[in-house]
Amino acid sequence: MFLALREFKHAKLRYFLVGLIMVLIAFLVLFVSGLAKGLSSDNASAIQKMNADYFVIQKEADNRLNRSLLSEDKLRDIEKFAASQSTAPLGIQMTTFTKKGSSKQIDATFFAANVNGVLAPDVVEGRMINNHTTNEVVADHSLKEDGLKLGGHIKDQFSGKTFKIVGFTKGESFSHAPVIHMNFKEWAAVHNLPADKQMLFNVAALKTSKDKAQLIEKKVPGVAVIDKSQALKGIPGYQEEQGSLMMMIAFLFVIAAFVLAVFFYVMTIQKINQFGVLKAIGAKTGYLARHIISQVLLITVISLVISIALTYGVAFVLPNSMPFDLTPPLVLGCSGMFLVVSVIGSLLSLYRVAKIDAIEAIGRAA
Amino acid sequence: MNHKLVLDHVSKVFGDGDSQIKVLNEVSLQINAGEFVAVVGPSGSGKSTFLSIAGALLSPSSGRIILDDIEINQLSGKKLNQIRLNKIGFVFQSSNLIPYLTVRDQLLLISELAGSRHKKAEQRADDLLERLGLSHRKNNYPESLSGGERQRVAIARACMNDPEIILADEPTASLDSERGRSVVQMLADEVKLREKAAIMVTHDKRMLDLCDRVVYIEDGRLTEVPKN
Ligand SMILES: Nc1ncnc2c1ncn2[C@@H]1O[C@H](COP(=O)(O)OP(=O)(O)OP(=O)(O)O)[C@@H](O)[C@H]1O
Ligand SMILES: [Mg+2]
């Protein structure tokens, strides 16, 4: 630190500039991370929040929840291996509806579940529906931006059924569409299932151990059991969206490592003679290594603090409809990554410094 | 024994195979406390090599080096570092000060490296600067000092760790003779005052009268020049 701080003070501009680059990169990392997180929950918060560990899905469905189809018989089979309280059938239907008295079409996803079971959403406004109603639903409150109100009516485009909104949930979306929760009676009506025939749904959510899940997969024919993250990847567009953002973040980390590596390497090369002098007067390689690492870490930490403040500042002025979600764990994770990356970036310089010989300090005849 | 430094049949060979050059050939020298020795010789004769070996910067091909009763020719690199830090002070040819440290910090760096930074070190640094007439330049960076002032700072830095021996490689090369002389005078005074030893490589014959002994290196051989 003795050397690090004094060198900063003496060569302010140089270190300011590299710090500025780091601030910009860190800002971009944080911003894109926040966006990735925001988009991910905007896309699939209904699955992310779901109180379930695994999903039983039709084997041929290729991990896509909305492609799978399970019958009531299958559910009986599954329940042989997992208690029925921990098995919850779920119907998923992407749809389009119109608000009563308007012809504007709005996208949504119907979720059908036992509203007394584990999959029941939390209602933040109005009241919950029960399992017997035939024309009441609860909707995600983002639909309010489309003009939906408590007590308002919506008309499903495919079935022509009309429902009344009796409550609003928060943060429930699937495939970027707000989720509308209903019971199985209404679900049967939407799908025109006759009352005497078997009930059909897409998947069964499981809240159980890994062993049980594997057992079900083995014993019940025609089904696969996938965990939550596999289910998320199966949501249309989820993986592509997250994948490209993750790639950007990864590249930004690589760029940060290179910027630091190149900057400090050039600085080190310039200072070879100086390091030779320091070694000649008794500085150990370890001391010089600490000198460089403390400089790298100082620059990184200061840049991080500034960019975190900057990111939160920008997030504050962003419009609410922008999916941006920067949680403290995410910030900590990114910052930790950044510190690791910056130390990696300084390794080249450390290697160079370790190789410097004290003899370089003395004027040689050559 | 009051020999500060003993070089006993030291040889140094550079290169290998056909291109071998023997820069030092079995040279021996003993230096006592309070002695200031000048090393002279033609360019390329091995003066810097000699000084580097005496200063534990370079290891000899053969022979023994005993500094303050410690045989240093078989110590590890880490130990040599320690020896340089605690027992040897260097004054290099041209300003080998750290550009981003003020004059005072140049000296404090030494105690920082030795892990003994405290009030005493600061007191010592101030005393040294006072004695070398640099008090008013304490907070200046090397870039704003004259050549002579820089060399005086280098001498102060070399004295900072209270070394047993000071090694100087052409400390006056970048100075005019008057300033050079005053720098060498200061070096000589330090040696006498503290009963240390010093070796100075120089090209400048006019400095020799300030030294106690003069040795001459040529063709790898070292001969003592009798003082008139
Ligand atoms: N690392 C090295 N490898 C090979 N040869 C070397 C090396 N260092 C020095 N030499 C050779 O050793 C000889 C003595 O060099 P040295 O630097 O000791 O001379 P010098 O007496 O200090 O000369 P000058 O008065 O010009 O500074 C020279 O011929 C030089 O080329
Ligand atoms: Mg030389």
Side-chain angles (χ1 to χ4, degrees), chain A residues 1-19 263-264 266-296 298-299 350-351 353-366, chain B residues 14 23 42-49 51-53 55-59 77-78 80-102 105-106 108-115 117 141-143 154 157-158 160-161 163 167-170 173-174 201:
Chain A
M1 283 298 200
F2 180 88
L3 290 177
L5 293 177
R6 283 167 176 78
E7 192 173 6
F8 281 166
K9 206 173 130 207
H10 193 70
K12 284 182 209 81
L13 184 65
R14 251 182 249 185
Y15 289 98
F16 169 76
L17 287 177
V18 73
F263 178 80
F264 276 92
V266 171
M267 293 288 282
T268 305
I269 298 287
Q270 274 188 358
K271 295 190 294 188
I272 294 254
N273 193 48
Q274 219 181 87
F275 283 122
V277 172
L278 284 168
K279 281 194 174 183
I281 62 178
K284 293 185 200 69
T285 299
Y287 182 87
L288 299 179
R290 280 203 300 282
H291 163 59
I292 291 181
I293 291 203
S294 60
Q295 284 191 330
V296 171
L298 265 175
I299 290 184
L350 297 188
Y351 168 76
V353 165
K355 276 198 357 189
I356 294 173
D357 204 330
I359 191 74
E360 319 235 2
I362 251 184
R364 225 182 290 167
Chain B
F14 282 118
V23 178
S43 182
S45 57
K47 303 182 297 292
S48 296
T49 306
L51 203 70
S52 306
I53 289 177
L57 288 170
L58 201 61
S59 53
K78 226 182 182 151
L80 289 180
N81 228 322
Q82 205 64 38
I83 296 277
R84 287 202 299 272
L85 179 57
N86 295 325
K87 299 206 181 287
I88 304 175
F90 288 100
V91 180
F92 302 108
Q93 177 168 346
S94 57
S95 64
N96 270 314
L97 302 173
I98 309 299
Y100 51 83
L101 295 182
T102 62
D105 284 340
Q106 303 276 352
L108 293 180
L109 172 64
I110 304 295
S111 48
E112 154 85 9
L113 289 177
R117 258 190 86 208
Y141 289 100
E143 63 201 14
R157 180 175 73 178
M160 185 63 191
N161 57 349
L167 304 175
D169 195 359
E170 304 188 33
S174 57
V201 169

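Below, chains carry the letters A, B, ... as their sequence lines are ordered, and counting in each starts from 1.
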Please assess N96(B) against N273(A) for the test side-chain contact (heavy atoms from CB on, under 4.5 Å), listing each intermediate value before the final yes or no.
CA-CA 8 Å; N96(B) 270 314; N273(A) 193 48; 3.4 Å; yes
For H10(A) and P99(B), the nearest pair of non-hydrogen atoms, with its separation, is NE2-O, 3.5 Å
Run L278(A) and L109(B) through side-chain contact (heavy atoms from CB on, under 4.5 Å) and show every step you take.
CA-CA 9 Å; L278(A) 284 168; L109(B) 172 64; 3.5 Å; yes
Minimum heavy-atom separation for L113(B) to A283(A), with atom names?
CD2-CB, 3.6 Å
Using side-chain heavy atoms (C-beta onward) and a distance below 4.5 Å, is D105(B) in contact with F2(A)?
yes
Just so I know, are the side chains of Y100(B) and L3(A) near enough to count as touching, which here means a heavy-atom distance under 4.5 Å?
yes
What closest approach, in Å, do L57(B) and A358(A) show between heavy atoms, and which atom pair accounts for it?
CD2-CB, 3.4 Å
Does atom CZ of F14(B) have more than 12 heavy-atom neighbours, drawn from other residues, nucleotides or ligands, at distances under 6.0 Å?
yes
What is the minimum heavy-atom distance between A280(A) and F90(B), and which atoms define it?
O-CE1, 3.3 Å
With respect to chain A, which residue among K47(B), K78(B), E143(B) yields the maximal number of heavy-atom pairs within a distance under 4.5 Å?
E143(B)
Just how far is it from atom OH of Y141(B) to atom CZ of R6(A), taken to the nearest 0.5 Å?
8.5 Å
Pairwise distance CG(N81(B)) to OH(Y287(A)) - rounded to 0.5 angstrom:
12.5 Å
Is Q106(B) close to chain A through its backbone or its side chain, or both, or neither, when contacts mean heavy atoms under 4.5 Å?
neither
With side chains defined as the heavy atoms from C-beta onward, is the minimum distance between L97(B) and V277(A) less than 4.5 Å?
no
Using a 3.5 Å distance criterion without hydrogens, assess whether the side chain of R84(B) forms a donor-acceptor pair with backbone atoms of K279(A).
yes
Per-residue contact mode, L108(B) against chain A (heavy atom under 4.5 angstrom):
both
To the nearest 0.5 Å, atom CD1 of I98(B) lies from atom CD of E7(A) at 9.5 Å
To the nearest 0.5 Å, atom CD of Q274(A) lies from atom CG of L101(B) at 8.0 Å
Can you tell which part of E170(B) gets under 4.5 Å to a heavy atom of chain A, answering side chain, backbone, both or neither?
neither
